[in-house]
Amino acid sequence: MERDSSSASFSTCCLKKHSLGPSLETCLIESLLSTGRGDTYPINCSGFDQYGVDPAAFQAVFDRKAFRPVINYSIPTQVNISFTLSAILEVIWYNQFIRWNPEECGGITKLSIATENLWLPDIFIQEFMDIDQTPTDLMAYVDSEGRIRYDKPMQVISICNLDIFYFPFDEQNCTLTFSSFIYTVENMALGMAKEVQEISNTSQSLIQSKGEWTLMGIHQRAMKITVETSQYDQIIFYVVIRRRPRLYIINLLLPSSFLVAIDALSFYLPAESQIRVPFKMTLLLGYNVFLLMMNDLLPTTGTPLISIYFALCLSLMVLSLLETIFITYLLHLATTQPPPMPRWLHSLLLHSTSPTKCCPTVPQKGTKDLDLTPAHLPGLKEPVELVGKVPDPREAELSGCPGSTGSQQEGEAQKQHLVGLWVQFGHVMDTLLFRLYLLFMATSVITVIILWNT
């Protein structure tokens with residue numbers, strides 16, 4: 001009797017085609033849905049408690065899986081979605097063709113049905129960048145009221161615009177946009193199956209101690225997107241994650257800081273002892289090898305702050321080596337043929353070495369424990385050792401040059417004064433560069449502490 005009623009409905013629709021103008025597709029849909037018109041679509045479940053579920057009882061529903069499961073086709077299907085970052089997508093909707101009375105079905109209130117026999121909403125993630133490898137032979141839970149819950153396991157490889165300037169202390173805001181590809185707002189409305197705070201708490205508990213990232217929170221926003229004349233529902237989830245920086249601090253920042261600190265301590269080595277230049281060259285070579293080995297840990301795109309830090313460290317080490325070479329050249333030149341010092345440089349030197357404004361220089365402090373003789377360390381106290389001993393006046397008279405003794409002493413005194421000025425200039429340069437090192441290291445430590453705690 002049902003089949004005759006359906007055929008009559010389809011025939012009536014097609015006979016009215018020329019007068020009212022409905023399409024063949026509309027006639028087909030109306031004829032398929034005509035047997036299910038009403039508030040419920042009852043399923044005969046007699047014998048379920050004795051013989052199990054009879055697939056024939058649901059065959060009429062399975063035959064309609066190609067169509068939206070609604071009695072009134074003008075009402076959109078409400079689809080509620082939820083997810084967890086453990087790669088599970090939860091989709092909930094109602095199938096109006098499925099209803100049964102649990103009392104008549106042996107108390108059965110929920111069944112699991114293969115998804116291949118049901119209508120499924122075409123929910124997709126816009127940021128998805130890989131082929132969906134979700135198995136097709138999955139099951140969905142259906143209750144006696146027609147409520148369907150479909151948990152879909154997914155491994156999502158998505159696009160995320162990364163701001164890596166503060167790497168490895170960066171915090172990223174990635175989006176997951178859920179939408180329908182086919183159904184407009186007239187046919188399907190998207191909603192939330194759970195509160196966004198519940199989704200965030202569940203995800204945090206599942207990935208609490210996994211991976212490189214820490215989940216900070218999840219936020220949600222619903223919107224509609226217009227494509228030509230059609231509107232589609234969208235739900236956008238903002239996933240805020242933060243990188244765990246401990247690995248990068250141990251493997252990148254600490255070794256770099258140690259090398260820079262050792263290079264700063266090398267200023268306590270006397271420049272004229274010919275030890276500092278090879279030592280600094282070895283440190284510079286080691287730092288370059290360290291950067292090449294750790295290059296895989298750095299981001300491949302963009303210029304993070306840590307790359308600027310490495311560049312500054314390398315620049316300081318190169319500047320320190322050049323300064324040491326320059327000081328060594330000055331000391332060698334001062335002990336052989338000291339050039340005259342410009343007045344502006346002399347005035348600046350006197351101003352910078354004023355006792356009220358300057359503490360003792362670093363090399364002078366460091367050479368106290370090196371047991372160096374004045375011949376190895378030119379200074380202001382005994383500069384005569386650098387150019388040779390001044391002849392005694394009596395020795396000059398015995399040598400037959402009494403007239404040249406005064407001029408010779410005057411020339412030696414002037415030469416000693418120039419030697420002392422150039423040596424002092426070298427010590428001032430060492431002190432300034434050493435203080436620049438200290439300022440850079442202190443700034444770096446403070447910056448790391450602030451970024452780590454924010």
Side-chain angles (χ1 to χ4, degrees), residues 160 162-172 209 211-214 216 241-271 273-328 361-363 365-366 370 426-454:
C160 184
L162 299 180
D163 182 10
I164 60 170
F165 181 74
Y166 293 106
F167 174 89
F169 306 99
D170 51 330
E171 185 175 291
Q172 306 299 337
S209 59
E212 181 184 354
W213 299 90
T214 301
M216 305 301 295
I241 55 177
R242 184 171 186 177
R243 197 188 304 269
R244 290 188 173 99
R246 188 174 303 171
L247 170 69
Y248 302 96
I249 291 176
I250 295 175
N251 291 309
L252 292 177
L253 292 179
L254 283 182
S256 177
S257 301
F258 288 155
L259 290 174
V260 173
I262 293 173
D263 191 52
L265 292 176
S266 67
F267 283 103
Y268 284 93
L269 297 174
S273 63
Q274 299 182 359
I275 298 176
R276 193 197 293 182
V277 172
F279 183 77
K280 285 184 174 293
M281 290 182 65
T282 304
L283 277 179
L284 185 60
L285 178 62
Y287 194 79
N288 280 280
V289 173
F290 159 74
L291 291 181
L292 290 176
M293 293 177 61
M294 295 294 105
N295 189 46
D296 293 337
L297 292 177
L298 295 174
T300 56
T301 59
T303 305
L305 189 61
I306 193 172
S307 297
I308 300 175
Y309 167 75
F310 289 151
L312 289 177
C313 290
L314 187 63
S315 301
L316 273 179
M317 296 178 75
V318 171
L319 180 63
S320 172
L321 177 61
L322 294 177
E323 185 265 350
T324 301
I325 295 174
F326 179 67
I327 294 300
T328 304
T361 59
V362 172
K365 288 182 179 180
L370 295 177
H427 289 165
V428 170
M429 288 189 63
D430 271 354
T431 303
L432 291 177
L433 194 56
F434 178 76
R435 291 177 178 175
L436 181 61
Y437 262 84
L438 294 181
L439 178 62
F440 175 74
M441 289 189 293
T443 305
S444 302
V445 171
I446 294 173
T447 303
V448 169
I449 293 175
I450 292 175
L451 291 177
W452 200 348
N453 293 327
T454 54

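All values below come from the heavy atoms of this structure, side chains included, with hydrogens, waters and symmetry mates left out. On a predicted model such as this, the values are computed, not experimentally measured, just so you know.
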> To the nearest 0.5 Å, what is the distance between CG (L259) and CG (L291)?
Replying inline: 9.0 Å
> Yes or no on side-chain contact (heavy atoms from CB on, under 4.5 Å) for Y248 and E212, after CA distance, side-chain angles and deciding distance?
Replying inline: CA-CA 11 Å; Y248 302 96; E212 181 184 354; 2.5 Å; yes
>> Testing the basics here: between M294 and N251, what is the closest heavy-atom pair and its distance to 0.1 Å?
In response: SD-O, 3.3 Å
> Measuring from L292:CG to Y287:OH, what's the distance to the nearest 0.5 Å?
Replying inline: 11.5 Å
>> Checking I241 against E171 for the side-chain contact (heavy atoms from CB on, under 4.5 Å) test, could you report, in this order, the C-alpha distance in whole Å, the side-chain angles of both residues, the deciding distance, and whether it holds?
In response: CA-CA 6 Å; I241 55 177; E171 185 175 291; over 6 Å; no
>> With rounding to the nearest 0.5 angstrom, report the CD to CG distance, Q172 to L162.
In response: 4.5 Å
> So, K280 versus T324: side-chain donor-acceptor pair below 3.5 Å or not?
Replying inline: no
>> Which residues pass the side chain to side chain contact (heavy atoms under 4.5 Å, CB included) test with M281, not counting sequence neighbours?
In response: V277, L321
> What are the two closest non-hydrogen atoms of P255 and F290, and how far apart are they?
Replying inline: CB-CE1, 3.6 Å
>> Suppose we screen for side chain to side chain contact (heavy atoms under 4.5 Å, CB included). Which residues come up paired with I449, at least two apart in sequence or across chains?
In response: V445, N453
> How far does CD1 of I249 sit from CG of L451, to the nearest 0.5 angstrom?
Replying inline: 9.5 Å
>> Show every side-chain hydrogen bond (donor to acceptor under 3.5 Å, both in side chains) that has at least one partner inside residues 436-452, sequence neighbours left out.
In response: D263-Y437
Distance-only donor-acceptor pairs under 3.5 Å for side chains of residues 298-315, two or more places apart:
from : atom 1 : to   : atom 2 : distance (Å)
Y309 : OH     : S257 : OG     : 3.1
S315 : OG     : A311 : O      : 2.8

> Do other residues, nucleotides or ligands put more than 12 heavy atoms under 6.0 Å from Y166 OH?
Replying inline: no
> Sequence neighbours excluded, which residues qualify as side chain to side chain contact (heavy atoms under 4.5 Å, CB included) partners of I250?
Replying inline: R246
>> With rounding to the nearest 0.5 angstrom, report the CD1 to CE distance, I327 to M429.
In response: 4.5 Å
>> Test your reading of the model: is there a side-chain donor-acceptor pair from R243 to the backbone of F169, 3.5 Å cut-off?
In response: no
> Residues two or more places apart in sequence or in another chain: which of them pass side chain to side chain contact (heavy atoms under 4.5 Å, CB included) with L436?
Replying inline: L316, L433
> Would a 4.5 Å heavy-atom cut-off, applied to side chains only, mark D170 and D163 as touching?
Replying inline: no
> Rounded to the nearest 0.5 Å, how far does CZ of R276 lie from CG of L283?
Replying inline: 12.5 Å
